[in-house]
Amino acid sequence: MGFSIEASVKNVKTGVKKVREIHLSGLGEKLKAAAALFPDPRDVKLPKNKEEAKKFAHDFWCGKPHGERRLGELYCDKTGLYKHREWRGVKDTFYYFHMIWLYNYANMVMDIVKFGSPVTFVKGLWRYRWMGQTYLPVLHWFDRGLEGLRGEALRASAWHYRAMTCVTINQFMNMFEADGKLRNGAHNDAWHHAMAHKETVWGGIFYPWMDRFKHIPLEMVPYFVTCHVNNHTVLNYIDAVQSIGLPGDPCPMCQAEAGLFVLDDVPDYAPFLITSNEACDGSVASTAIQDWFWDRPLFAMPQPMQFDDPLVQEHCANEIRDCWKFIEEQTGVPFNWELLKENLEKQNELMRFEWEKWDVAAKTANYPINGVAQALYRIYQSQYGEHFIWHEVDKKVSKIMTKCVEKKIDTFPKTRHRVIAWSCSPLYYSNWCTWAYNCWGLNTVINMDSLMFDMEVRTDTLDNCVMDMARYHEWAPMRRMAVGGMHHIFELWDYMERFHCDMVMMYDQLQCKGMQGVVGLFEDEFRKRNIHAIWMPHALPDKRTVSRAEIRRIINDYMTTVMKEEPLDPSLLEFDDDMSW
Amino acid sequence: MSVKKKILKAALRKEAKRIKKAARRRHCGIGCRVLRLFGKLIALLATVYAALFAVFFFDLDGKLLYYVVEPLLVRHYDRMERKNPLEMPYEMKSE
Ligand code: SF4
């Protein structure tokens with residue numbers, strides 16, 4: 001074959017052209033992908049006549065009415081990010097912008113300064129995965145829970161989120177301020193004044209030392225909060241514990257809690273630890289690993305699984321007394337009854353307001369809190385215990401609720417069914433109820449998580465007080481109405497009546513052996529009582545077992561085939577948010 | 001009018017404007033200056049407000065966190081050296 005300069009030049013030119021084509025087409029793809037993250041200006045339909053112009057102006061000013069919103073079209077594919085955030089009309093959009101988005105971003109910074117130092121915060125963020133991955137997308141967690149809300153419902157629900165964010169920041173800042181790992185192993189004064197406990201040990205146990213010590217749940221932020229805000233994080237911990245030999249079928253909550261230790265991702269923030277057997281024996285197993293890996297004085301405070309027997313009450317109260325003795329020994333600071341009383345009374349105040357809320361939710365259509373805000377706020381507040389922010393927020397919510405009742409504002413006007421959600425909920429999709437209302441008009445009025453701690457604690461004498469504290473502690477999350485015996489699990493029927501619900505969203509935690517055991521009994525009861533119930537399978541924090549899209553598909557199927565209803569917003573029927581936070 | 005003349009006229013107009021402005025500035029009192037500063041401040045705040053609203057409305061905070069910040073942090077966490085807790089024998093448990 002002969003050599004020709006022309007041919008070579010031609011070849012080079014063709015090569016360059018091809019490379020450029022490939023390069024440009026790659027760039028084109030990237031640009032296309034980037035453009036898909038934003039709204040397409042061609043989708044904006046400008047009005048063509050006077051009627052359309054009027055409607056356009058009305059939608060701009062008041063927001064589109066439910067049914068015309070097409071919220072599903074706002075999502076970017078897979079990520080659940082928004083091409084643009086929802087336009088809720090001028091008033092509500094700017095309320096969201098000022099009082100939710102700006103206000104909460106600003107307060108996230110202010111809270112850090114209030115509860116510690118920004119330097120410590122940055123160190124903690126750099127050190128702990130659950131911190132960095134979770135703290136930043138907090139506002140997206142607000143967005144997901146508050147989608148489609150308007151007016152007073154938007155305002156009251158958002159205040160609940162604000163309170164949870166504040167308590168979360170307070171907790172992790174307390175952890176970091178005391179953390180030996182951020183200080184090359186040195187233990188400072190904050191470390192000596194911190195008390196660690198499992199997240200299922202009620203914060204009220206530590207009230208007698210509240211003036212000088214901080215009680216910080218071990219897993220409430222690193223595990224529980226992260227699942228709601230950014231569910232990617234927890235998968236690392238589940239995989240970590242399985243990588244050292246744990247089979248995949250135990251409860252993923254306990255797996256994740258143990259996995260935090262396997263990945264050495266728990267701050268060294270307190271000299272001792274209080275544990276319990278709540279909610280179930282899964283928790284005992286994770287405690288065994290925590291005890292091994294954390295290696296410090298530990299007090300186990302088991303509470304009876306079947307707590308209705310009056311004989312166990314005294315035993316249970318004694319467990320609490322022994323725990324107090326242990327704390328006295330560890331801290332050298334005596335038990336303070338006055339302090340306990342003072343804080344319990346403050347907590348009783350919160351309970352009384354919660355009862356008011358339940359009353360409004362049960363008897364009127366004016367309850368301004370949506371399903372996810374109600375559930376998360378109540379379980380967080382009742383489990384963590386006293387904190388100033390709960391009172392501040394309750395005051396604001398009380399004002400909003402009073403306004404709704406006085407003016408008879410129908411806060412969820414598209415309600416087709418009043419739903420009660422029962423058993424343990426999917427943490428990675430706690431905002432399913434926001435979706436269900438927007439898509440189907442399923443209004444989750446109340447849920448099991450809210451109803452567990454349904455009592456005041458007496459503060460007249462120490463004996464009465466401890467007996468009530470034992471009862472309160474026994475009614476811990478998942479204990480009372482999930483694994484705490486038949487009678488309590490079946491309290492569902494009474495609550496359905498009390499809250500005038502006509503439908504049950506029955507959570508089916510596939511790896512919860514306790515609740516799996518009663519599926520058939522529930523099925524029988526639902527049939528006997530002629531109750532519409534949707535079983536929602538899930539694996540608590542792990543979205544890989546049952547995806548969010550699958551949960552939606554199950555609800556869609558029930559609503560179309562059994563209820564024979566049409567969706568309010570068909571754009572929400574199917575979308576891919578698999579990679580979403 | 002020829003093109004040259006047009007250009008000349010425009011240049012003259014511009015120059016006159018500049019001179020007028022400079023004279024105004026020279027004769028501007030403290031109140032006038034404060035007002036002008038206030039105007040500038042308002043313009044700056046309005047720009048910041050509009051920019052923040054754009055970030056909010058187009059979910060630019062979410063996009064930045066999702067595509068830039070989180071991958072960087074995850075890369076950092078994945079590469080971190082971690083203590084292997086399994087090296088800690090169970091018998092080591094303190095009394
Ligand atoms: S979900 Fe079930 S198995 Fe898991 S901790 Fe709760 S009660 Fe136990």
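Note that the structure is predicted; figures quoted are calculated from it, not measured.
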Anything in residues 58-69 of chain B with a heavy-atom distance to chain A below 4.5 Å? Please list those residues in order. Phe58(B), Asp59(B), Leu60(B), Asp61(B), Gly62(B), Lys63(B), Leu65(B), Tyr66(B), Tyr67(B), Val69(B)
Can you pull out the residues in residues 32-49 of chain B with any heavy atom less than 4.5 Å from chain A? Tyr49(B)
Could you state the interatomic distance from NZ (Lys83(B)) to CG (Leu263(A)), rounded to the nearest 0.5 Å? 12.5 Å
Would a 4.5 Å heavy-atom cut-off, applied to side chains only, mark Leu102(A) and Phe56(B) as touching? no
Is it the side chain or the backbone of Asn84(B) that comes within 4.5 Å of chain A heavy atoms, both, or neither? neither
Within 6.0 angstrom of Met80(B) CE, more than 12 heavy atoms from elsewhere: yes
Interface residue of largest heavy-atom contact number with chain B, from Trp87(A), Trp581(A), Tyr82(A), Phe97(A), under 4.5 Å: Phe97(A)
Is Tyr128(A) close to chain B through its backbone or its side chain, or both, or neither, when contacts mean heavy atoms under 4.5 Å? backbone
Using non-hydrogen atoms and a 4.5 Å limit, figure out which bit of Tyr105(A) sits close to chain B: side chain, backbone, both or neither. side chain
Got Phe53(B) and Phe94(A) here, is their nearest side-chain heavy-atom distance under 4.5 Å? yes
Max heavy-atom pair count under 4.5 Å with chain B, selected residue of Val262(A), Thr79(A), Asp265(A): Thr79(A)
Taking side chain as everything from C-beta outward and backbone as N, CA, C, O, which of these in Leu125(A) sits under 4.5 Å from a heavy atom of chain B? Side chain, backbone, both or neither. both
Go through the atoms of Thr233(A) and report whether side chain, backbone, both or neither lie under 4.5 Å from a heavy atom of chain B. neither
Please work out whether the ring planes of Trp126(A) and His76(B) are parallel, tilted or perpendicular, with thresholds of 30° and 60°. parallel
Under a 4.5 Å cut-off applied to non-hydrogen side-chain atoms, are Arg129(A) and Val74(B) in contact? yes
Taking atom NZ of Lys181(A) as the centre, does the number of heavy atoms from other residues, nucleotides or ligands within less than 6.0 Å exceed 12? yes
Side chain, backbone, both or neither of Ile289(A) within contact of chain B (heavy atoms, under 4.5 Å): neither
Which one wins on heavy-atom pair count under 4.5 Å against chain B: Ile244(A), Asp264(A), Leu81(A)? Leu81(A)
